[in-house]
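A short write-up of the structure that comes next.
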Amino acid sequence: MKNRENEVAKQLANIFNKIADALEFKSEIPFKIIAYRKAARVLNDLTEDIEVLWEENKLRTIPGVGEGIAKKIDEYLKTGKMRKYEEALKNIPSGLLSLLNIQSMGPKTLRLAHNKLGVNSKGDLEKVIEDGSLAKLPNMGERKVENIKKGLKIFSAQEKRISIGVALPLVENVINWIKKGAVAAPISSERIEPAGSLRRMKETIGDIDILCTPTYHLSGRGKNGTKIIEHFTNFPETSRILAKGETKGSIIVNQRYQIDLRVVKEECFGAALQYFTGSKSHNIKLRSIAKEKGLKISEYGVFDGAKKIAGEKEEEVYSILGLPYIPPELREDRGEIELKTIPELINYGDIKGDLHIHSRYSDGQNSIKEIAEFAKNMDYEYIAITEHSKSAKYAGGIDEKILEQEIEEIEQVEKECGIRIFKGIELEILNPLANGLDFDDKILEKLDIVIGAVHTSSKKDMTEAICAACCNSNVDIIAHPTGRLISRREGYKIDISKVIEKAASTNTALEINAYYDRLDLSDINARKAKENGVKIVINSDAHSTVMLKSMRFGIGVARRAWLSKGDILNTLSVEELEDWFKNHKR
DNA sequence: GCCGTTTTCGGCCCGACTGTTTTCAGTCG
């Protein structure tokens, strides 16, 4: 039996990453660090159950796991401990290594700040920035400190928010846990749903809210709410219980994530769901509309004087105000309340294929065949294999010769698996000085799909280079157009409005990259692109088969951007898409 | 610490960029 989302493999990945951080901090040989990081990455995305592999003595079949790491995994699975981990973290204050996540703060700088200035925490770091002592260290200066300060700002802003990619699976686990503790109630229609920014599919989430009705009760006697909440607070990964009552429970999970559960009566569930979903400004506007009509909205329902006139279903709350039902992803007070008709948003089942996937040929984890089979199981009609091109050396970029070999393999697998596999490349857009694209047109013409992409973190303005790529008749899509990483860095320097205009005039599609730390384009930019008539494509940018599942985060962004099925390239059928590839730049 | 159609030892992770220097150290992808 597969354990929950391969929890143990993820724990191990986390441990190996921390070891790598610690070794980096101690300036160990880089190759060891790389090896730990690789093992961590592979374990994090592992599809097989790690404990099964362990029992069958097959740990070493995992790529990146050799004798040393296999031994450490074995030790951990046997004893729940790992000596190497404890040893690596010895003498390093807890919390210090997390500062490595600050942009421009690498292991060398951190060590220097720690050794010379006694920096042990974020607070210490802020202090030595302010009093100027950090800038006085060797090889440091005003500008470096300024960059760290900026990095710190992003780090602080994101520190308390949870990425949707972490929050959603976590909530699903918690909901399953609550359901598992429930006994089918005599009344049907028991309900449990996440609310808040998570339900609105925001890219980052503050606290996680879950609502349920008391019909989710445990066997035994006692008040329903109390029982449910008692069970909720026993969630295995709970590190602290903040509150535990009859209608509300609140826990901290894994030392970091706050989750609230509210138990609300069946007849109020719709109103409560609406209320707790927000956003705040959306709700304020609804309340003012209600007021004009002489009504009052609260989490308990819609009231005409003392009389409750709606509340069981969320739809009622809107209809009673004379509004169409507004999907959660639109509730940001960005004009959705004023709409006469709500756009038909793309649905989670509308995507027919994934057009940006890496296999083992570059830095992906799986073979083309594994990817094809997985995609077929997801009911996709097609996929595209798009490795990094040769200049992306750090990501195992491939040259023309290997690309030709890969094309042959793709054709072979396509025959075997019966799913259309487009032959593609994620083509490096070189920085302005290096001029142009990574491959010449001759080879690009052989491919079905060319995705132009920038990866280098150059501070040069990339607008012109990307616009030039749009003008190339072989380039179909621009991947992750701004290059931001939500938790770590702003994008590269780019005038996104210009890129959108150029994409529109050249019929180049722009990507919503569904990887949860990118979600790039953002909902705001994607909406701008739509308004300019740009085609959007939602891609997973998967480096492993598991990552193919992250498509839903991209669809969330698309919904928040008011996109419909018709705006999105990979809702087309195979034939329509082939047609598009052939003709969009003619 | 991993890995092997060149190897059980000796490669692997390299190049661009920034900001610090006066020839180079550190970060990033």
Side-chain angles (χ1 to χ4, degrees), chain A residues 12 15-17 19-43 59-73 82 84-85 87-88 99-113 134-151 154-155 358 360 362-363 365 388-397 399 405 426 428-435 438 453-462 465 479-480 483-485 487-493 515 517-518 520 541 543:
Chain A
L12 281 160
I15 288 173
F16 288 133
N17 260 330
I19 293 177
D21 282 343
L23 296 185
E24 209 161 26
F25 179 72
K26 292 174 177 169
S27 281
E28 278 270 0
I29 357 170
F31 300 116
K32 276 193 188 183
I33 297 161
I34 291 169
Y36 278 115
R37 293 231 188 270
K38 184 178 179 195
R41 209 182 65 214
V42 173
L43 287 171
L59 286 178
R60 296 195 53 187
T61 61
I62 305 170
V65 175
E67 195 189 341
I69 288 189
K71 258 191 193 154
K72 292 180 179 77
I73 295 176
M82 198 187 293
K84 175 74 184 182
Y85 175 60
E87 195 187 299
L99 301 182
L100 287 172
N101 292 319
I102 298 168
Q103 200 180 4
S104 301
M105 181 59 109
K108 302 279 166 57
T109 312
L110 186 62
R111 193 155 59 123
L112 208 60
L134 186 63
K136 290 201 185 83
L137 291 176
N139 285 319
M140 295 296 288
E142 294 289 331
R143 288 163 111 167
K144 264 198 166 169
V145 170
E146 196 51 41
N147 284 338
I148 292 172
K149 215 169 152 182
K150 276 185 202 155
I154 299 180
F155 180 75
H358 298 270
R360 258 183 226 148
S362 61
D363 60 348
Q365 320 257 311
H388 291 282
S389 63
K390 61 187 173 192
S391 285
K393 291 213 168 54
Y394 63 88
D399 62 17
Q405 287 169 17
E426 182 178 10
E428 204 61 28
I429 298 173
L430 304 172
N431 79 53
L433 284 180
N435 133 53
D438 211 12
V454 173
H455 292 95
T456 50
S457 83
S458 157
K459 295 231 167 112
K460 293 203 172 53
D461 193 312
M462 296 305 289
H480 41 73
R484 70 162 178 182
L485 289 179
S487 61
R488 280 187 290 150
R489 60 148 204 246
E490 295 174 46
Y492 23 79
K493 222 170 150 196
Y515 178 59
D517 208 18
R518 286 195 185 271
D520 172 18
D541 196 354
H543 287 67

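Lettering follows sequence order; numbering is per chain, from 1.
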Exercise. Taking CD from A:Glu24 and P from B:dG29, how many angstroms apart are they, rounded to a whole number?
Worked result: 12 Å
Problem set entry | Sugar-phosphate only, base, or nothing, as touched by A:Pro107 at under 4.0 Å among non-hydrogen atoms | sugar-phosphate
Problem set entry | Whole-Å P distance, B:dT5 and B:dG1 | 23 Å
Problem set entry | Residue matched to B:dT8 through Watson-Crick or wobble contacts both under 3.5 angstrom | none
For this session: Using the test side chain to side chain donor-acceptor pair (under 3.5 Å), find all partners of A:Glu24 that sit at least two apart in sequence or belong to another chain.
Result: A:Arg37
Problem set entry | A:Lys150 NZ to A:Ser104 OG distance, which is reported to the nearest 0.5 Å | 9.0 Å
Seminar exercise, completed: Between CG of A:Leu134 and P of B:dT20 the distance, given in whole Å, is 11 Å
For this session: Identify, with sequence neighbours excluded, every residue that meets side-chain contact (heavy atoms from CB on, under 4.5 Å) alongside A:Ser389.
Result: A:Ile425, A:Leu427, A:Glu428, A:Asp438, A:Phe439
For this session: Please state the C1' separation for the pair B:dT8 and B:dC13 - nearest whole angstrom.
Result: 22 Å
Exercise. Starting at CE of A:Met105 and ending at P of B:dT27, how long is that distance when rounded to a whole Å?
Worked result: 9 Å
Seminar exercise, completed: Those residues at least two apart in sequence (or on a different chain) that pass side-chain contact (heavy atoms from CB on, under 4.5 Å) with A:Arg143 are none
Seminar exercise, completed: Side-chain atoms of A:Lys108 come closest, of B:dG26, B:dG19, B:dC13, to B:dG26
For this session: Write down the distance between CG (A:Leu112) and P (B:dT27), rounded to a whole number of angstrom.
Result: 9 Å
Problem set entry | Spacing of the P atoms in B:dC28 and B:dT20 (rounded, Å) | 15 Å
For this session: Write down the distance between CD1 (A:Ile33) and P (B:dG26), rounded to a whole number of angstrom.
Result: 14 Å
Problem set entry | Whole-Å C1' distance, B:dC2 and B:dT7 | 14 Å
Give me, pair by pair, the N or O atoms of the protein and of nucleotides 22-24 of chain B that are less than 3.5 Å apart, along with how far apart they are.
none

Exercise. Taking for each residue the nucleotide of DNA chain B with the nearest heavy atom, is it A:Lys144 or A:Lys393 whose nucleotide lies nearer the 5' end?
Worked result: A:Lys393
Exercise. About how many Å separate CG of A:Asp21 and CG of A:Leu100, when rounded to the nearest 0.5 Å?
Worked result: 5.5 Å
For this session: Send over the distance from A:Asn147 CG to B:dC17 P, rounded to a whole Å.
Result: 16 Å
Exercise. How far does CG of A:Asp541 sit from NE2 of A:His358, to the nearest 0.5 angstrom?
Worked result: 4.5 Å
Problem set entry | Between B:dT6 and B:dG10 - C1' atom distance, rounded Å | 11 Å
For this session: Can you measure from CD (A:Gln103) to CG (A:Asn101) and round to the nearest 0.5 angstrom?
Result: 11.5 Å
For this session: Indicate whether OP1 or OP2 belonging to B:dG15 is found under 4.0 Å from a side-chain N or O atom of A:Ser391.
Result: no
For this session: In whole angstrom, give me the gap between the P atoms of B:dT22 and B:dG11.
Result: 35 Å
For this session: Could you check how far CG of A:Leu100 sits from C1' of B:dG26, rounded to whole Å?
Result: 13 Å
Exercise. Is A:Arg360 reaching over with its side chain to a backbone N or O of A:Gln365, donor-acceptor style, under 3.5 angstrom?
Worked result: yes
Exercise. Using the C1' atom in both, what is the distance from B:dG19 to B:dT23, to the nearest Å?
Worked result: 14 Å
For this session: Report the distance from atom CG of A:Leu110 to atom CG of A:Leu112, rounding to the nearest 0.5 Å.
Result: 9.5 Å
Problem set entry | Candidate pair A:Lys71 and A:Lys84, rule side chain to side chain contact (heavy atoms under 4.5 Å, CB included), full reasoning | CA-CA 11 Å; A:Lys71 258 191 193 154; A:Lys84 175 74 184 182; over 6 Å; no
Problem set entry | Footprint string (nucleotides 1-7 of chain B, 5' to 3'): B base within contact, S backbone only, - free, heavy atoms under 4.0 Å | BSS----
Exercise. Taking only residues two or more places apart in sequence or in another chain, which ones pass side-chain contact (heavy atoms from CB on, under 4.5 Å) with A:Ala40?
Worked result: A:Ala13, A:Phe16, A:Asn17
Problem set entry | Nearest-nucleotide pick for A:Gln103, side chain only, options being B:dC28, B:dG29, B:dT20 | B:dC28
Problem set entry | A:Lys150 NZ to B:dG19 C1', straight-line distance once rounded to whole Å | 13 Å
